[in-house]
Amino acid sequence: MMGKDTIADVITSIRNAAMDRKRVVRVTYTDIIASIMKILLREGLIENLRKHLESDQSFLVSTLRYRRNRERRHIFNIKQISRPGRRIYSNSQRIPRILGGMGLVILSTSRGIMTDREARREGLGGEILCYLW
């Protein structure tokens with residue numbers, strides 16, 4: 001049984017699958033998780049995303065994308081920032097740049113889940129959910 005922190009569960013599932021070079025990741029479906037996974041799909045970090053129903057529970061199933069030229073390197077690093085016990089917020093000017101803008105920050109804003117680039121363009125701040133690089 002997964003814990004109450006669904007974002008941490010998803011980050012852990014993706015990180016573990018990447019370290020084991022597994023292709024497919026299956027995570028419990030929630031609206032927030034679906035939004036995060038859609039960003040990963042849009043950014044090219046996963047190849048596909050589909051909703052799967054199994055005995056009255058919904059799952060999201062996705063295929064991780066690996067770099068072809070490196071054998072042992074996993075696709076990306078992912079780190080949770082906000083946690084249930086410690087929420088981290090940022091205004092639009094102070095959203096961190098990961099690896100000089102090469103990395104990705106996923107935020108929860110008043111207009112939904114979005115990347116740091118989208119939030120800066122919209123002039124929105126919010127809760128920093130995770131970093132990817």
Side-chain angles (χ1 to χ4, degrees):
M1 169 93 180
M2 287 185 158
K4 290 198 189 309
D5 188 0
T6 56
I7 294 171
D9 292 337
V10 167
I11 288 171
T12 301
S13 295
I14 292 171
R15 188 185 302 120
N16 289 346
M19 287 194 315
D20 283 352
R21 303 281 299 171
K22 288 195 169 36
R23 294 278 300 157
V24 178
V25 175
R26 190 179 92 154
V27 294
T28 305
Y29 178 89
T30 66
D31 289 339
I32 290 175
I33 298 311
S35 298
I36 291 171
M37 296 299 277
K38 283 176 188 163
I39 287 174
L40 297 182
L41 182 64
R42 211 170 54 229
E43 296 290 326
L45 297 170
I46 59 176
E47 289 179 5
N48 58 35
L49 185 62
R50 67 182 188 279
K51 194 172 176 183
H52 178 68
L53 189 65
E54 189 176 299
S55 64
D56 295 340
Q57 191 170 13
S58 293
F59 293 96
L60 284 171
V61 180
S62 64
T63 306
L64 297 180
R65 176 172 281 162
Y66 291 97
R67 296 187 187 118
R68 302 257 183 264
N69 58 352
R70 293 202 185 115
E71 277 308 306
R72 295 296 305 140
R73 179 97 172 96
H74 53 81
I75 49 164
F76 51 81
N77 292 304
I78 184 167
K79 182 175 194 241
Q80 182 181 15
I81 303 304
S82 271
R83 291 177 164 75
R86 184 164 187 254
R87 305 285 185 194
I88 307 293
Y89 296 93
S90 174
N91 63 26
S92 61
Q93 291 84 39
R94 295 184 184 252
I95 297 170
R97 291 185 196 277
I98 306 303
L99 289 181
M102 294 292 289
L104 192 65
V105 179
I106 297 179
L107 298 103
S108 175
T109 70
S110 57
R111 293 201 205 131
I113 309 284
M114 59 179 68
T115 65
D116 53 333
R117 289 186 296 276
E118 294 165 331
R120 280 191 205 95
R121 190 173 44 235
E122 302 280 330
L124 294 170
E127 182 182 351
I128 299 175
L129 300 178
C130 59
Y131 294 160
L132 294 110
W133 70 96

For atom CZ of Arg87, is the number of surrounding heavy atoms from other residues, nucleotides or ligands below 6.0 Å larger than 12? yes
With sequence neighbours left out, what residues match Ser62 under side-chain contact (heavy atoms from CB on, under 4.5 Å)? Val25, Met37, Ile46, Leu49
Run the salt bridge (charged side-chain N to carboxylate O under 4.0 Å, His left out) test against Arg121 and tell me which residues pass, sequence neighbours left out. none
Are Val10 and Phe59 co-members of a hydrophobic cluster defined by side-chain heavy atoms under 4.5 Å apart? no
Who pairs with Lys79 by salt bridge (charged side-chain N to carboxylate O under 4.0 Å, His left out), at least two apart in sequence or on another chain? none
Test of understanding: with salt bridge (charged side-chain N to carboxylate O under 4.0 Å, His left out), list the residues that count as partners of Arg117, not counting sequence neighbours. Glu43
With a 3.5 Å cut-off and sequence neighbours excluded, list the donor-acceptor pairs that the side chains of residues 29-36 form with protein atoms.
from	atom 1	to	atom 2	distance (Å)
Tyr29	OH	Asp31	OD1	3.2
Thr30	OG1	Ile33	N	3.1
Ser35	OG	Asp31	O	3.1

Of all the heavy-atom pairs spanning Asp116 and Gly103, show the shortest one and how long it is. OD2-O, 4.5 Å
Would a hydrophobic clustering, with Ile, Leu, Val, Met, Phe, Trp and Tyr connected at side-chain separations under 4.5 Å, put Trp133 with Leu107? yes
Which hydrophobic side chains are connected to Leu124, either touching it within the sub-4.5 Å cutoff or through other members that do? Met114
side-chain hydrogen bond (donor to acceptor under 3.5 Å, both in side chains) contacts touching residues 48-59 (sequence neighbours left out): Arg26-Glu54, Asn48-Thr63, His52-Glu54
Ile113 side chain reached by Ile106 side chain, heavy atoms, under 4.5 Å: yes
I'd like to check the side chain to side chain donor-acceptor pair (under 3.5 Å) partners of Glu122; sequence neighbours left out, ordered by chain and number. Arg111
Could you tell me which residues satisfy side-chain contact (heavy atoms from CB on, under 4.5 Å) with Arg94, sequence neighbours excluded, listed by chain and number? Ser90, Asn91
My understanding is that a hydrophobic cluster links ILVMFWY residues whose side chain heavy atoms are under 4.5 Å apart, including indirect links. Using that, what else belongs to the cluster containing Val24? Val61
Taking only residues two or more places apart in sequence or in another chain, which ones pass side-chain contact (heavy atoms from CB on, under 4.5 Å) with Lys22? Ala17, Asp20
Going by the rule side-chain contact (heavy atoms from CB on, under 4.5 Å), which residues pair with Ser92 if we only count those two or more places apart in sequence or in a different chain? none
